[in-house]
Structures are given as C-alpha cells and as structure tokens.
Asks: 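The structure's right below; bear with me while I get my questions together.
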Amino acid sequence: MRMPWYGHRSDKSTRKYHGISEILFNRAKMHWWLLGVIFALNVFWTVFPMEEGRRLLSPDSFEVGEKSSRDIYAQADFTYYDETATEEEKQKALTELPPVFKLNFLWLENAKEEFKIVRQVRDSVALSNEEKVASMRRLFYIGPTDEVGLILATAPEEDIDAMERSVENILSSVLKDGIVSDGDGSSFASELKRIEYIKPKWNQIKRKLAAELGREPRDEQIASSIPVVLLDDTSTPPLERRVLVSDLRTWTEATRIVEEKAAELKEPISTVVREISIDLLRPNLTYDSALTEKRKKELLENFPPVSRRIPEGTKIIGAGDEVTEYHKGKLEAMYSVQKRRIFRSIPGAVLLTGLLVFVLVIYLRKYEYDTFSEPRKIIALNTVILLILALGNLIIVWGPALGITRAGFLIPAALASIIIAILVNVQLAIVVTCIIGIFIAMLAGLDLTVSLQYFLVILAGGITAAVSASLARHRRHLIFAGLYVSIVNIITIMGLGLLEHERLINIGVNCSIGAINGIAVAVLAPGLLPIFEYLSRTTTDMELLELSDLKQPLLIEFKEKASGSYHHSLAVAELADAAAEEIGANALLARVGSYYHDIGKIVKPEGFIENQKGENVHDSLSPQMSVRLISRHVKDGAKMGKEYKLPQVVVDIIQQHQGNTLIGGQRFYQKALEEDRHNTVRLEDFRYPGPKPQTKEAAIVMLADSVESARRAMLQDKPTYSRLVSFVREIIDDKIMDSQLDECDLTLRDISSIADAFVRVLSGMYHTRIDYPKEKVVAIGTESDSAKETDGDNDR
C-alpha cells in the first residue's frame, strides 16, 4: 500500500519557496529532531499523570459547612495527621506538665550565720553569760530562749561544732523534701490554683472529687493529686525530682520530723538543735515561671502529631454530610499522598515515554527512511498517535462515569493502524500499534492486569486492522476492516475474561464494548483518511483507483474534446503499467499518470496530430509558434490537474513526462534553422521546459509515451519481434543519450526490464510471432531518422 514521497530533486540552491507552509515544512525537515521532542512532550502530557492524576481529588472543591454532593472514599492508603486531635493531645499533655518549683536552701545559710554569731559572742571575754545571751537574742533571726542561750554561751567548743553540724544536716534533709505552709490564705494549694495552664486539670480533679465526696472539695484536697517538679539548682549538676503535692511536707510535719531527729541527739545538744532548727524552718518552694514556660514551649513545639492510618476504600464523607474541618483535613492528606505518588511516577513515565519515542525514531530512521525524511509524514504520524492517545484519555476518564468498567476496550486504536498501513505500510502500522498499546496501558494506571488486557486487545485489533487495510482497494473496504476488528476484539476479550474467571455477564458487556470499538473504527476510518492524506501529501492506492475510473469527469472531458489523445493515453497506460510491474514500481500510479499526462491537450486539441481530422495546423504556423502551441499542453495539463485537485504525484508526472526533450523531434528545429536568416535560432528554445523525470513512474510514463507515439509511424502492420526490440531500444537509448533519465533512480537493469515489458505489450498488440532464428536483428538506429521524426507528441 505504500506510496513513496514524490518530490522534485532539483538542486536545492535553485529551489524556490512559495509560501509560509513550505518554508515551515522545509525547516522542520532540517530539524526533524525538534518534531520528535515536541511529539514526546505531547505524548507525555497526554499519557501522564495516568490514573492517579485523573483520580486526584482537590480539597478546594469542598467547603467547610457545605454538604457533600457524593460519597468520597479513600483512593489510596494514607496517613492522616489529625490537627484537632493533635491540639487536644497537646492541651492534655500540657495539663500533665508539672510546674517547676525551686528548692530554697537560704535557711541553711542563716543557720551558719547564727553559729558564726555564737562564736563571735563567745569570744567576747568582757561580756558576762547573761550579756552574751542578750547579745545572741538580739542578733539571731529568732532569739534563743534563756536556756538555749546559756548553753550556747557556756558549752564546750566541740559541742558547738556538733550542734552546727546537726542543725545543717537536719535542715538539709527536711528542706530537700520541700516544705509548704499549713495555712489556707497563702497556702501552696492556693498558689497552684493561680497557675493558668493547669486549670483544666485542676477543674477535672475538682469534678472528680466532688462526685466522690458529694461536696465541694477543699483546695488542699485538689492540689494533693497534682504533680510538681522540685529543682535543686545548688547541686552540680542541678537535680530535679517529680513528686505529688501530697508528698510534700507541711511546716507542721517538718517540725515534727525535726523534733524526732533532734531527740536522737544527746543533751544539751538535742535541746539547742531542736530549737534552732525549728526557728529557721520555713516553706522553701518558689514557683519558677520562666523555666515552666520554657518547658511548655518545648513540649508544644516537639509534640508529635496525632496520625491515623486510613486504608484505601475507607469512606471519608457521605453524600449529604456536612463538610467539617475533620473531613477537610482527611481530604488534604489524601490529596498530598496522591500528589507524592504522581511525582514519584514521573521518572518512570519519562523514561518509558522517551524509550518508546526513541525506538520509533530508530525504526523510522533505519527501515522507513522515506517517511523519516518527510516532515509532513512525520507530522501526520505524530498527529494520528496523539489523536488516539487523546481519545484514550477521554474515554478512560469519562468511561467510569458512564458505568463502563473496562473503558479501555472502547479506545479505537485500530484507527491509527488503518491510517498508517494505508499511508505508509503494514510493518510501521504494527510497530505503532505496539507503542500505542503501551501508552494506553500507561493511561490505564498502575493496575497491571487491566493494563495488560488493554494492550492485548489493542495489539490484536491493530494488527487485524493493519493487514485488512493493506488489502483494501476502495474506501468502502475500510468498513470491512472495522468489522474484522470487532470480531477480533470480541474473541480477545472473551478469552481474557475466561482466563480471569470473570462473570459471564461482565464478559458479555466487555465483548459488546469491543464490538462497538470496531464499529467506531469502521465509521471513522473512511472519514479521517482523506484528512491525513492531505496532511501527509500522500497519495494512496484507493485514491489512485478512484482516479483510474475512466468515468471521472476530467477523463470524460478529455475523451470528448481530444479523443485521439485520450486513446493514445490509454495505450500509454497499458505500456506503463506493464513496465512498472516489471521493475517493482507503483504500477497503479504509472497507469493513472498515463491517463492524465496529456490532459493539457484539451485546451488546444487541434494542435496535435492524433486529434486532427484534416489539415495540419502546423503547416501554416512558424516553427516557433508550433513549438509554443505544443509545449503549452504541459503547463495547461499541470494547471488543470491542480484545478481538479489531482494528487501532486500525478501533477508531477504531467509536468515531467516530456522532460526537456526537443519538441517534435528535429522537425521544428530543422525548419527554424532553414528559415533563420540572422542566426538567432537556439536549440534550447525548441525544448520542453522540464523538469526531467524525478521518479521511476514519471520516467516510465515518458518512455511509454515516446514508444506509443512513434510506433504507428515506424512500425509496419505486423512487425517482427526483433524489429520491436530494435524499435523500443532505439527510443529508450535516445532518451538516455539526451540525459532525460539522469534525475530519476532507474538502474540499467530497470531500463532493460522496461524495454522487455514494452516489447511484450507491443507483441500482444501486433500479435507478433516470436521467431528469432529466421529474423536478422536490425541494428539499433536503422530507422532512427523516422523515429526521431515522430518521437514525442503526435504533433503533425
């Protein structure tokens, strides 16, 4: 089915551009890789972000306070960080954070100062014992009793040292446990109650105690269950201890402990230690608000968020439910997870897309260079692939909304197979079908089972479409190609369904979708094919077959106005068809080109001998006028071909079938030389304008035209086989010697085969007996004069 790209091969330096589109396509040809990059980006944009992207649910479409219009389910496993719960847990943890109270050991220092005073007073020898007691009473924080004062004034020094050590040890041990006051006015419980952040816990305990006691609890009862941190910053490093308020010592309890410890000492040390320790004993807890606030801040900043694992398929919000912050948070978390999954898929999608495009480029470069080197064909190829992928995207997105569970079975990928098989060939169509199948599998998402099913259905249907389209000779045959796709789709889908043990009802529905797919292909292919033919500037066999119908309006007009030229064209077509078949060229194109190569003679049919029924008009014209009249049929033919929208390949044959040969052989040129009195006759003025044939088919039409034009004048009624051979080879050799075949890609073997084909057809026309031994082969050129005289157009 392939039609090669036919274009002029003239020197690029002399080529002229006639419009923006040609400039665009020429530049695209020089930068074909740019088309590949654009194609890859378009494919990636169409295919990605696959199923995940289509399922992406933006939380912005839900407003807090509004009602949901549908049920929303988790489309992936995700972790939801509950900010509301996190805040609640933070507040709960905050109320459990114990306030920090520093332990005050100032009274130990006071004890040391008092014993220092004792030693100073004792050292005053001028004072009596009574004066010493009075002095100590005056200098102590709480003056000692007379008994204790007298002991301190008169006791031995070692007893004084023992008293000091005992006071420090007893006070230190009691103060480290923390001492609180007994009174309600400025009690420790009242101080705790004033700390703002523990009020929720305070109230909670209060409610609990009230329920247990049946009355309003006292502050001391509430405070007893609250923990606090005791900080001793006098040690290195600082020490802290967490205790309940109930574990703290009241001043009364501390006094009792001091008395008990002092009682263990001998007299009079016991009396002195008891009195001084009790006098210096004070509540020693000071609330450290700065440190407590710092710990609160650290707790809030480092508090781990509350996370909840939401499995895929979990209902997030129901239809008609009011959207809350809780729902909004879940939707945002799911949206974030989906986006991350999409971004993680990007490298894989990029690699796969790039690889497939690279494979396609390499295949085109190595095996389809004609297509690869033509920007229009590359653009058509890109367009058809992107068209299928765009349709696939829409179908997979909207299919589920229409209740189609296997929407991919509806994608008409076989449409691309048909178009490419007709425009290029079956092999490329199959390669592209495989690539499209992989892209559609990517579109289907991450479910490999579904993706594989889509790929297999596309592959089976695409190969069927490509093969059947290659056999089509009329556009209506494409309908049968679509029906074949339906049948293959049904068989493939049924087989896959049975392998997967699907329910029969599901298999039946999927088979129906596959059948609709084929019907869609049958409907769309005939309508889209002309668009891609125009886009790629490719002439298909179907278009040529339509043009080969002799009932075409242009051929009918040709027959009516230039009957002789028309029948001459039919004979040329027979010769050209046989020659093209012989060398593997496009025989159909050669035949159609032959039908239309002389349509320019419609304008002035009387200027050509085959249409004349009496006087030859050239007898009364100057050679220059005759040449002008005859040469116009090439220009007029190309113009008419464009007006009737003939394919460019056919118009090219019309323009090239005469090359730049001498018009009328030597006749008009020789006549002009004879009449020339000023030596102004130039050989170039008596040649056709060209161009020379650029393709095998155009060259074949030129040779067939020359042979058919000359045969009546040169050949007798029943020429021998050897004479036919000589005649044909002489005509062909003349064209070769005139350099008319220099710009086409005919080989010497091709030329020999063409000559053989011409001889075979002419033998059939003249019913010549092939009897070589009895006939001496006439040397080439024996009738060259007459041949040259009639070579080209029958213009006399």
Asks: Mark yes when over 12 heavy atoms from residues, nucleotides or ligands other than Arg503 sit less than 6.0 Å from its CZ; otherwise mark no.
Replies: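 At most 12 heavy atoms, drawn from other residues, nucleotides or ligands, come within 6.0 Å of this atom.
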
Asks: Looking at Thr255 and Leu281, what are the two nearest heavy atoms and their distance?
Replies: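 The answer is N-CD2, 3.6 Å.
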
Asks: Are Glu89 and Leu94 packed together at the side-chain level, in the sense that at least one heavy-atom pair is separated by less than 4.5 angstrom?
Replies: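 A side-chain contact under 4.5 Å is absent here.
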
Asks: Taking all non-hydrogen atoms of both residues, which atom of Ala189 and which atom of Ala223 are closest, and how far apart?
Replies: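 Nearest pair, atom of Ala189 first, then Ala223: CB-CB, 3.7 Å.
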
Asks: Taking the side chain as everything from C-beta on, heavy atoms only, tell me whether Phe140 gets closer than 4.5 Å to Ile117.
Replies: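 A side-chain contact under 4.5 Å exists here.
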
Asks: Checking Arg249 side chain against Ile257 main chain: does a donor-acceptor pair fall under 3.5 Å?
Replies: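 Side chain of Arg249 to backbone of Ile257: no pair is present.
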
Asks: In terms of side-chain geometry, is the basic nitrogen of Arg137 or Glu131 positioned less than 4.0 Å from the acidic oxygen of its partner?
Replies: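 No.
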
Asks: Which atom pair, heavy atoms only, marks the closest approach of Cys434 to Leu459?
Replies: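 Closest heavy-atom pair between Cys434 and Leu459: SG-CD1, 3.4 Å.
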
Asks: As a quick check of understanding, evaluate side chain to side chain contact (heavy atoms under 4.5 Å, CB included) for Asp232 and Glu240, giving each step before the final call.
Replies: CA-CA 6 Å; Asp232 181 4; Glu240 60 180 62; over 6 Å; no

Asks: On a heavy-atom basis, which atom in Thr86 and which in Pro304 lie closest, and how many Å separate them?
Replies: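 Closest approach of Thr86 to Pro304: CG2-O, 4.3 Å.
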
Asks: Atom OG1 of Thr234 and atom CG of Leu239: how far apart are they, to the nearest 0.5 Å?
Replies: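 These two atoms lie 8.0 Å from each other.
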
Asks: How long is the gap from CD1 on Ile195 to OG1 on Thr292, to the nearest 0.5 Å?
Replies: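 It comes to 6.5 Å.
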
Asks: Measuring from Ile226:CD1 to Lys193:NZ, what's the distance to the nearest 0.5 Å?
Replies: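 So the gap between those two atoms works out to 11.0 Å.
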
Asks: Examine distances only and state if a side-chain atom of Glu500 and a backbone atom of Gly497 form a donor-acceptor pair shorter than 3.5 Å.
Replies: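 Between the backbone of Gly497 and the side chain of Glu500 there is no qualifying donor-acceptor contact (under 3.5 Å).
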
Asks: Side chains of Leu192 and Trp202: closer than 4.5 Å at any heavy-atom pair?
Replies: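 Yes, their side chains come closer than 4.5 Å.
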
Asks: Roughly how far, to the nearest 0.5 Å, is the CG atom of Leu175 from the CG atom of Leu285?
Replies: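 If I round to the nearest 0.5 Å, the distance is 9.5 Å.
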
Asks: The criterion is side-chain contact (heavy atoms from CB on, under 4.5 Å); which residues satisfy it with Glu87, sequence neighbours excluded?
Replies: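 Residues passing side-chain contact (heavy atoms from CB on, under 4.5 Å) with Glu87: Lys90, Gln91.
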
Asks: Do the side chain of Ser124 and the main chain of Ala126 share a donor and acceptor less than 3.5 angstrom apart?
Replies: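 Not a single qualifying donor-acceptor pair exists.
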
Asks: Would you call Glu130 and Ser135 a side-chain contact if the rule is heavy atoms closer than 4.5 Å?
Replies: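 They are not in side-chain contact.
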
Asks: My understanding is that only residues two or more places apart in sequence, or in another chain, count here; which of them pass side-chain hydrogen bond (donor to acceptor under 3.5 Å, both in side chains) with Lys296?
Replies: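 Result, side-chain hydrogen bond (donor to acceptor under 3.5 Å, both in side chains) vs Lys296: Glu293.
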
Asks: Which is it for Glu275 and Thr145 under the side chain to side chain donor-acceptor pair (under 3.5 Å) test, yes or no, and what are the steps along the way?
Replies: CA-CA 9 Å; Glu275 182 175 303; Thr145 61; 2.9 Å; yes

Asks: Would Ile198 and Thr95 count as a side chain to side chain contact (heavy atoms under 4.5 Å, CB included) if you check the C-alpha gap in whole Å, the side-chain angles of each, and the deciding distance to 0.1 Å?
Replies: CA-CA 5 Å; Ile198 65 172; Thr95 59; 5.8 Å; no

Asks: Treating Arg241 as the side-chain partner and Lys176 as the backbone partner, does any N or O pair qualify as donor plus acceptor under 3.5 Å?
Replies: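 Side chain of Arg241 to backbone of Lys176: a pair is present.
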
Asks: Are Glu164 and Arg119 packed together at the side-chain level, in the sense that at least one heavy-atom pair is separated by less than 4.5 angstrom?
Replies: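 When only atoms from C-beta onward are counted, Arg119 and Glu164 do touch, with a gap below 4.5 Å.
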
Asks: Taking only residues two or more places apart in sequence, or in another chain, which ones meet Lys102 in a salt bridge (Lys or Arg N to Asp or Glu O under 4.0 Å)?
Replies: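 Counting only residues at least two positions away or on another chain, Lys102 forms a salt bridge (Lys or Arg N to Asp or Glu O under 4.0 Å) with Asp233, Asp288.
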
Asks: If we ignore hydrogens and angles and just use 3.5 Å, is the side chain of Asn506 paired with the main-chain N or O of Glu502 as donor and acceptor?
Replies: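 Judged by distance alone, no pair lies under 3.5 Å.
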
Asks: Closest approach of Ala413 and Ile436, non-hydrogen atoms and distance?
Replies: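 It is CB-CG2, 4.1 Å.
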
Asks: Strictly by modelled atom types, are Glu220 and Ser224 linked by a side-chain donor-acceptor pair under 3.5 Å?
Replies: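 Their side chains do not contain a donor-acceptor pair, so the 3.5 Å distance test is not met.
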
Asks: Is the closest side-chain heavy-atom distance between Ile179 and Thr250 below 4.5 Å?
Replies: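 No; the side chains remain at least 4.5 Å from each other.
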
Asks: Yes or no on salt bridge (Lys or Arg N to Asp or Glu O under 4.0 Å) for Asp123 and Lys132, after CA distance, side-chain angles and deciding distance?
Replies: CA-CA 10 Å; Asp123 291 340; Lys132 290 179 180 179; over 6 Å; no

Asks: Less than 4.5 Å apart, side chain to side chain, heavy atoms only: is that true for Gln453 and Arg406?
Replies: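 Touching, per the 4.5 Å side-chain cut-off.
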
Asks: Counting heavy atoms not belonging to Lys261, are there more than 12 under 6.0 Å from its NZ?
Replies: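 It does not: Lys261 NZ has 12 such atoms or fewer within range.
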
Asks: What pairs with Lys92 under side-chain hydrogen bond (donor to acceptor under 3.5 Å, both in side chains), at least two apart in sequence or on another chain?
Replies: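 With neighbours one apart ignored, the set is empty.
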
Asks: Could Lys206 and Asp219 be called an ion pair, given the rule that one side-chain N must be under 4.0 Å from one carboxylate O?
Replies: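 Between Asp219 and Lys206 there is no salt bridge, as every charged N stays at least 4.0 Å from the carboxylate O atoms.
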
Asks: Could you tell me whether a side-chain N or O of Asp247 sits under 3.5 Å from a main-chain N or O of Val243, the two making a donor and an acceptor?
Replies: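 Here the side-chain-to-backbone pair does not exist.
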
Asks: Can you establish whether the number of heavy atoms outside Ile505 located under 6.0 Å from its atom CD1 is more than 12?
Replies: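 No, because the 6.0 Å sphere around CD1 of Ile505 holds 12 heavy atoms or fewer from other groups.
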
Asks: So does Ala155 get a backbone contact from the side chain of Asp159, meaning a donor-acceptor N/O pair under 3.5 Å?
Replies: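 No: the side chain of Asp159 does not pair with the backbone of Ala155.
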
Asks: Pair up each side-chain donor or acceptor in residues 108-116 with any protein partner under 3.5 Å, not counting sequence neighbours, and list the distances.
Replies:
{"from": "Asn110", "atom 1": "OD1", "to": "Tyr141", "atom 2": "OH", "distance (Å)": "3.0"}
{"from": "Glu113", "atom 1": "OE1", "to": "Tyr141", "atom 2": "OH", "distance (Å)": "2.9"}
{"from": "Glu114", "atom 1": "OE2", "to": "Tyr141", "atom 2": "N", "distance (Å)": "3.3"}

Asks: For the side chain of Arg122 and the backbone of Leu152, is there at least one donor-acceptor N/O pair under 3.5 Å apart?
Replies: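 Present.
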
Asks: Determine yes or no for a side-chain-to-main-chain donor-acceptor pair under 3.5 angstrom, with Ser277 supplying the side chain and Arg274 the backbone.
Replies: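 Between the backbone of Arg274 and the side chain of Ser277 there is no qualifying donor-acceptor contact (under 3.5 Å).
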
Asks: Check the surroundings of atom CZ in Phe358: do more than 12 heavy atoms from other residues, nucleotides or ligands lie under 6.0 Å from it?
Replies: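 Check fails, neighbour count at 12 or below.
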
Asks: Rounded to the nearest 0.5 Å, what separates atom CG in Leu355 from atom CD1 in Ile362?
Replies: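 It is 11.0 Å, given to the nearest 0.5 Å.
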
Asks: Show every ring pair (Phe, Tyr, Trp, His ring centres under 6.0 Å) that has at least one partner inside residues 258-288, sequence neighbours left out.
Replies: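 Ring pair (Phe, Tyr, Trp, His ring centres under 6.0 Å) check on residues 258-288 returns Phe101-Tyr287.
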
Asks: Going through the distances and angles, do Val100 and Val228 end up as a side chain to side chain contact (heavy atoms under 4.5 Å, CB included)?
Replies: CA-CA 6 Å; Val100 180; Val228 296; over 6 Å; no

Asks: Under 4.5 Å between any side-chain heavy atoms of Phe455 and Ile438, yes or no?
Replies: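 A side-chain contact exists here, since the closest heavy-atom pair is under 4.5 Å.
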
Asks: Got a second to check how far Ile385's CD1 is from Phe439's CZ, nearest 0.5 Å?
Replies: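 Interatomic distance, Ile385 CD1 to Phe439 CZ, rounded to 0.5 Å: 7.5 Å.
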
Asks: Can you check whether Asp279's main-chain N or O pairs, donor with acceptor, with Arg282's side chain at less than 3.5 Å?
Replies: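 Between the backbone of Asp279 and the side chain of Arg282 there is a qualifying donor-acceptor contact (under 3.5 Å).
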
Asks: Looking at Leu248 and Asp177, what are the two nearest heavy atoms and their distance?
Replies: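 The answer is CD2-O, 3.6 Å.
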
Asks: Would you sort out whether Val133 and Asn129 count as a side chain to side chain contact (heavy atoms under 4.5 Å, CB included), showing the intermediate values?
Replies: CA-CA 6 Å; Val133 171; Asn129 288 336; 5.5 Å; no

